[in-house]
Amino acid sequence: MKPNELRSYKEYSQNNIGGFHFRSRMNQLGYHSSEYQKKPLIAIINTSNDLMPCHSHFNQRVNEVKRGILQSGGFPIEMPVMGLSEPFQKPTTMLYRNLLAMEVEEILRSYPFDGCVLLGGCDKTTPALLMAAITVNLPSIFLPAGPMLKGHWRNKDIGSGTDVGYYWGEMQAEKNNNQDWKEIEENIARSPGHCMTMGTASTMTAIAETLGLCLSGSSSIPAVDSRHAQMAAQTGMRIVEMVWEDLKPKDILTPKSFINGIKILMAMGGSTNALIHLTAIAHRAGMNLALGAFSSISKQIPILANIKPAGKYLMEDFYYAGGLPSLIKQLGELFDGDQKTVQNLSIKELIEKSQIHNDDVIRSLENPVSNIAISILRGNLCPQGAVIKPSAMEARLLKHTGPAVVFKNIVDLYNRINDPNLIIDENSVLVLQNAGPIGGPGMPEWGQLPIPKKLLKQGIRDMVRISDGRMSGTGYGACVLHVTPESAIGGPLALVQDGDLITLDVLEGTLNVLLEKKEMERRQKKWVLPDPKFVKGYGKIFLKHIQSANEGCDFDFMYE
Ligand code: FES
């Protein structure tokens, strides 16, 4: 690309009122024309705010990206956008993933940028930013936030989400006391950066790297490591080169990139949420990912990353062990290394020198952590699919039949789960209705239903749980998730009643309620559509246009 072909040049070089406004207002901002003219104008999309602990280092990283852009002859402009802060935003950040995608898409479309750097990491920010960048298709590079340092308590490493769930169970079973719990609270999140277990954030940033949309090795660097700051400056340098090369997301992404993405999801023992996000990202690139693709790849690719919740280490260990490039190398011929990246090199070329420094953290194909990361289920309870994470559940529940204990919604669940009179034992199957994209709304992470206190006290730590909601990637348990069609639109999950026998067979990939078809039809006729959760505003648009989990939960009007 030549300077006078830049998108920005076409705006400020106009000899008319439009060009005058651009130039005079840049003067007002204090920029002399020599600072920006004939240079790529680069947007730095910043998803941090003061309630965004996972991105609290971004203001510093923006400075480093700016340094890189200036050194390479570009002109940086920071654009703050909405942050989706997992711990604080209710009922769920998933309600706003598409809104962030739309906001970024419109900013990139409406301002005269030549390229962009996208700063994200906390769960929904990564897919939202990638969905936007792919749709607009300007030269774009993703800058992953990086994981926070390991939690550390009484000489033990503790991990976000996974260990919170474990120690909360111990508290409920009265095996931990309030002092223990307070100390865990003070020691689990010790630095900026996203959750350091293999949750949705670590999964999605690794997938972004696998898709070729960020610098090789960048997604594994801990947020506070000085190499993260260096990576930020290099990202800034690279985006300027990408503009001159006119290298855009759709020049990089191919169907094989997405197959590689699914393979890394499985090899990392990643979050079930990635099924939804990867499907939505692929749609924006004009590709369809059917649940069948996830199912067949999950049978080929074992878990090699020994990271919680499926394994025992944390992301900081993963980085020291060699990070994502080394994990990709371990997959050998199973991974298509010919796919291109933002560096205009193939993945194979970029990972050539990677080495494993700890073969217990990054395992080999001969010595995997587990054979299967995620299983897809079908059956009369989930005709369009459901998912479960066999690597993060008790093996005794892989094949299980038990009577349903049904909760109509999350309020009903919290009101009754610890009722001493609730008829329930360890063989029961907990069912939560109305937790899906429409029912939640927004498909909150309610899928790791709590185990009743009275069973925790008996030492029960896992039970079969079924919902049309999602589960945190850091979560643990025999939780069947994303049941589709969802109960709020009359899917079969809405018809389940207390005492119905439900059979789960993870190895066979089936989930069924043992009811005659006639009985299901009888119940269907009596079922009444619930009132909508929103009757105005953004929520109304969301309910009208949101697609189901197996379609990626994007809005139906966002792609052809
Ligand atoms: Fe931000 Fe977990 S809270 S990634």
Side-chain angles (χ1 to χ4, degrees), residues 46-59 61 81-97 100 118-130 142-151 157-168 184-209 214 218-224 228 265 268-274 276-277 305 307-310 314-316 318-319 324 389 392 442-448 470-476:
N46 184 357
T47 50
S48 74
N49 61 46
D50 285 352
L51 269 183
M52 196 90 201
C54 304
H55 297 181
S56 58
H57 54 319
F58 273 4
N59 290 343
R61 294 294 172 270
V81 295
M82 74 189 292
L84 305 180
S85 186
E86 210 58 32
F88 295 104
Q89 218 168 358
K90 302 289 180 241
T92 166
T93 51
M94 189 61 187
L95 194 58
Y96 303 106
R97 183 201 65 180
L100 173 59
L118 309 150
L119 277 67
C122 193
D123 291 14
K124 314 305 179 297
T125 56
T126 304
L129 294 173
L130 299 189
F142 178 69
L143 193 159
M148 68 176 94
L149 294 177
K150 297 190 267 193
D157 289 339
I158 48 174
S160 327
T162 312
D163 284 309
V164 177
Y166 173 76
Y167 287 110
W168 179 246
I184 292 168
E185 192 175 290
E186 287 166 353
N187 289 287
I188 197 160
R190 301 190 298 127
S191 81
H194 61 67
C195 291
M196 70 330 229
T197 35
M198 188 44 67
T200 305
S202 304
T203 307
M204 289 310 303
T205 52
I207 287 175
E209 183 176 325
C214 50
S218 58
S219 67
S220 314
I221 310 173
V224 293
H228 196 274
L265 163 64
M268 297 283 270
S271 164
T272 46
N273 287 323
I276 296 174
H277 299 318
I307 303 172
K308 292 179 181 191
L314 294 166
M315 284 302 290
E316 198 181 328
F318 182 68
Y319 177 58
L324 186 64
K389 209 169 174 182
M443 209 179 172
E445 290 183 338
W446 294 335
Q448 189 181 354
R470 297 176 300 115
M471 175 172 85
S472 163
T474 64
Y476 180 91

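Atoms within each ligand, like the ligands themselves, are counted from 1 in listed order. All values reported here derive from a predicted model rather than from experimental measurement. Heavy atoms only: backbone and side chains are in, while hydrogens, waters and symmetry mates are out.
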Q. Relative to the heavy atoms of Pro87, which atoms of ligand 1 are at a distance of less than 4.0 Å?
A.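 Within the 4.0 Å cut-off of Pro87, ligand 1 contributes 3 (S).
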(Q) Show me which atoms of ligand 1 lie under 4.0 Å from any heavy atom of Ala201. (A)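 So the atoms of ligand 1 that pass are 4 (S).
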Can you tell me how far apart [atom1] ([X]) and [atom2] ([Y]) are? Round to the nearest 0.5 Å.
X      : Y      : atom1 : atom2 : value
Arg97  : Asn273 : CZ    : CG    : 10.0 Å
Asp50  : Phe88  : CG    : CZ    : 11.0 Å
Leu324 : Ile221 : CG    : CD1   : 11.5 Å
Asp163 : Ile184 : CG    : CD1   : 8.0 Å

Q) Would you say the ring centroid of His57 lies under 6.0 angstrom from that of His228? A)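 Aromatic pair counts; centres sit under 6.0 Å.
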**Q.** N, O or S atom of His194 closer to atom 1 (Fe) of ligand 1 than 2.8 Å
**A.**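 Coordinating: no.
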Q: Examine Cys195 and say whether one of its N/O/S atoms is closer to atom 2 (Fe) of ligand 1 than 2.8 Å.
A: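 Yes, Cys195 qualifies, because one of its backbone or side-chain N, O or S atoms lies under 2.8 Å.
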(Q) Against ligand 1, does Ser160 come closer than 4.0 Å with any heavy atom? (A)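 It does not, in that no heavy atom of Ser160 comes within the 4.0 Å cut-off of ligand 1.
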Q: Work out the angle at atom 1 (Fe) of ligand 1 between SG of Cys54 and SG of Cys122, rounded to 10°.
A: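 Result: 110°, to 10°.
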